[in-house]
Amino acid sequence: MKTVRQELGYKEKSGQVTKFGQWYADRVDDPQFRTGAWCDMFVAWAANKANVSEYVGEFAWTPSHAAWFIEKGAWTRTPEPGALVFFDWRGGTSYKGVDHVGVVERVEGDKIHTIEANVDRVWLKRKTRDTDKVVGYGVPRIVKERADRAAEISSTERPFEPLPSAQAPRSSPLDVLGTPPALLAAMVLVTVVLSLRITGRRRGGHRRLRRPAWTWPWNAPSASKAHPKVPPPRDPLETREKERVPAGAPPRRSPTRRHPYDRD
């Protein structure tokens, strides 16, 4: 506010040239602002001189300036000293119709006392205004409070600095034994072994060895050498009967053997 009051009584030069317009034109590298409407360029200049531009904003177009305060959440209908007051001389209520801006110096009842640039055509002076033409107020104080709160929250996200990491020990091939993949592989192996043992017990601990249905030719026994073929034994009774029968006689029937328990 001190910087604003120091400029009271400033008057634009011929051709609507002002030091505020020249400063803004050089800042945005656009010469057309040197002779433009300078109410908002004065506010930008004063904020820059006071190092509070981040809370006040730097604009030449008043609707854009009002929209900036709305976006920052610092827009209100209640006046206070230090706030920027935005007017619509047609009596509109939308920020899009804003066509003038000033700085609230103090509030008395339903009147606001302001410091405004580019009023009465050429002056930077104090004015007393009714509020019927006021669209709203942009409050730099709220912008600063929100920025400080955001910075405080950001600073508490990492309250402790990370400790310096110690030098990692040299790795060994045996280190892999204690890793989760190695433990998992061991568990799987043990499960497979136990499953095989249980399956073997269910089927029988001893398996019978079956003789193969075939034998190799070189392992087959020789009938002529190892096991000579022996004719089956004859019945002695049949032999004796054959010896008693004379030549040319009809053959006798051999007596039938009877079981001891057979009946006559």
J.: Any non-hydrogen side-chain atom of Val85 less than 4.5 Å from a side-chain atom of Arg129?
T.: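 A side-chain contact under 4.5 Å is absent here.
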
J.: Thr35 and Gly15: which non-hydrogen atoms are nearest, and at how many Å?
T.: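 Of all heavy-atom pairs spanning Thr35 and Gly15, the closest is CG2-O, 3.4 Å.
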
J.: Taking the side chain as C-beta and beyond, is there a heavy-atom pair between Trp68 and Val143 under 4.5 Å?
T.: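 In contact.
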
J.: Atom CD in Glu116, atom CZ in Phe87: separation rounded to 0.5 Å?
T.: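 Rounded to the nearest 0.5 Å, the CD-CZ separation comes to 5.0 Å.
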
J.: Roughly how far, to the nearest 0.5 Å, is CG of Asp120 from NZ of Lys11?
T.: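 Here the rounded value is 11.0 Å.
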
J.: Please tell me whether Val28 and Val17 are part of a single hydrophobic cluster in this structure, the criterion being side-chain heavy atoms less than 4.5 Å apart.
T.: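 In one cluster with Val28: Val17, no.
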
J.: Working to the nearest 0.5 angstrom, can you tell me the gap between Phe86 CZ and His65 NE2?
T.: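 It comes to 5.0 Å.
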
J.: Please walk me through it: do Val135 and Thr93 pass side-chain contact (heavy atoms from CB on, under 4.5 Å)?
T.: CA-CA 5 Å; Val135 177; Thr93 58; 5.5 Å; no

J.: Quick check for you: to the nearest 0.5 Å, what is the distance between Arg106 atom CZ and Arg126 atom CZ?
T.: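 Going from CZ on Arg106 over to CZ on Arg126, the span is 7.5 Å.
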
J.: Does this structure show an ion pair linking Lys49 with Glu7, if we count only N-O contacts that are shorter than 4.0 Å?
T.: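 No, Lys49 and Glu7 are not salt-bridged.
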
J.: Go through His100 and Val119 one step at a time and tell me if the side-chain contact (heavy atoms from CB on, under 4.5 Å) criterion holds.
T.: CA-CA 9 Å; His100 185 64; Val119 293; 3.7 Å; yes

J.: Using the rule given for side-chain contact (heavy atoms from CB on, under 4.5 Å), can you reason through Asn48 versus Glu58, listing the C-alpha separation, both sets of side-chain angles and the distance that settles it, and then say yes or no?
T.: CA-CA 8 Å; Asn48 180 268; Glu58 294 184 354; 3.3 Å; yes

J.: Rounded at 0.5 Å granularity, tell me how far OG1 in Thr76 sits from CD1 in Ile70.
T.: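 Atom-to-atom, Thr76:OG1 and Ile70:CD1 are 11.5 Å apart.
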
J.: Applying the side-chain contact (heavy atoms from CB on, under 4.5 Å) test to Leu194, which of Thr191, Val190, Val192 qualifies?
T.: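 Answer after filtering Thr191, Val190, Val192: Val190.
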
J.: Check whether any side-chain heavy atom of Ile142 sits under 4.5 Å from a side-chain heavy atom of Lys72, and report yes or no.
T.: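 A side-chain contact is absent here, since even the closest heavy-atom pair is not under 4.5 Å.
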
J.: Should Val122 and Gln16 count as side-chain neighbours, where that means a heavy-atom distance under 4.5 Å?
T.: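 Sidechains of Gln16 and Val122: no contact.
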
J.: Between Trp38 and Phe20, what is the ring plane arrangement, given parallel below 30°, perpendicular above 60°, and tilted in between?
T.: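 Correct class here is parallel.
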
J.: So Glu80 and Val104, do their side chains get closer than 4.5 Å, heavy atoms only?
T.: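 Not touching, per the 4.5 Å side-chain cut-off.
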
J.: Can you name the closest pair of heavy atoms from Ala25 and Pro31 and give their distance?
T.: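 Here Ala25 and Pro31 meet closest at CB-CA, 4.1 Å.
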
J.: Could you give the distance from OH (Tyr55) to CG (Asn51), rounded to the nearest 0.5 Å?
T.: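 One gets 10.5 Å once the value is rounded to the nearest 0.5 Å.
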
J.: Looking at every heavy atom in both Leu84 and Val43, which two are closest together, and how far apart are they?
T.: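 So the minimum-distance heavy-atom pair works out to CD2-CG1, 3.6 Å.
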
J.: List the atom of Val134, the atom of Asp130, and the distance in Å for their closest heavy-atom pair.
T.: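 Looks like CG2-O, 4.0 Å.
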
J.: For atom NZ of Lys127, decide whether the heavy atoms of other residues, nucleotides or ligands shown that lie under 6.0 angstrom number more than 12.
T.: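 Correct, the count exceeds 12.
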
J.: Identify the heavy atoms of Ala117 and Cys39 that sit nearest to each other, and give their distance.
T.: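 Scanning both residues completely, I find the closest heavy atoms to be O-CB, 3.3 Å.
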
J.: Please tell me whether Trp123 and Trp45 are part of a single hydrophobic cluster in this structure, the criterion being side-chain heavy atoms less than 4.5 Å apart.
T.: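 Result: no, two separate clusters.
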
J.: Report yes if the side chains of Asp99 and Trp89 come closer than 4.5 Å at any heavy-atom pair, otherwise no.
T.: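 SC-SC contact between Asp99 and Trp89 confirmed.
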
J.: Could you state whether Tyr137 and Phe42 fall into the same hydrophobic cluster, counting links through intermediate Ile, Leu, Val, Met, Phe, Trp or Tyr residues with side-chain heavy atoms under 4.5 angstrom apart?
T.: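 No, no single cluster joins them.
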
J.: Determine whether Val107 and Trp75 fall in the same hydrophobic cluster, where Ile, Leu, Val, Met, Phe, Trp and Tyr are linked whenever their side-chain heavy atoms lie under 4.5 Å apart.
T.: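 Val107 and Trp75: separate clusters.
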
J.: Give the intermediate values and the outcome of side-chain contact (heavy atoms from CB on, under 4.5 Å) for residues Arg5 and Ile115.
T.: CA-CA 8 Å; Arg5 293 191 179 106; Ile115 298 177; 3.9 Å; yes

J.: Side-chain heavy atoms nearer than 4.5 Å, only ILVMFWY residues, links allowed to pass through others: does that put Tyr95 and Val139 together?
T.: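 Each belongs to a different hydrophobic cluster.
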
J.: Does some side-chain heavy atom of Trp61 sit less than 4.5 Å from a side-chain heavy atom of Asp40?
T.: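 In short, these two side chains do not touch, never coming nearer than 4.5 Å.
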
J.: Is there a donor-acceptor pair under 3.5 Å between the side chain of Thr18 and the backbone N or O of Gly21?
T.: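 Looks like yes, one N/O pair under 3.5 Å.
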
J.: Looking only at heavy atoms, what is the nearest atom pair of Ile112 and Pro79, with distance?
T.: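 That would be CG2-CB, 3.9 Å.
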
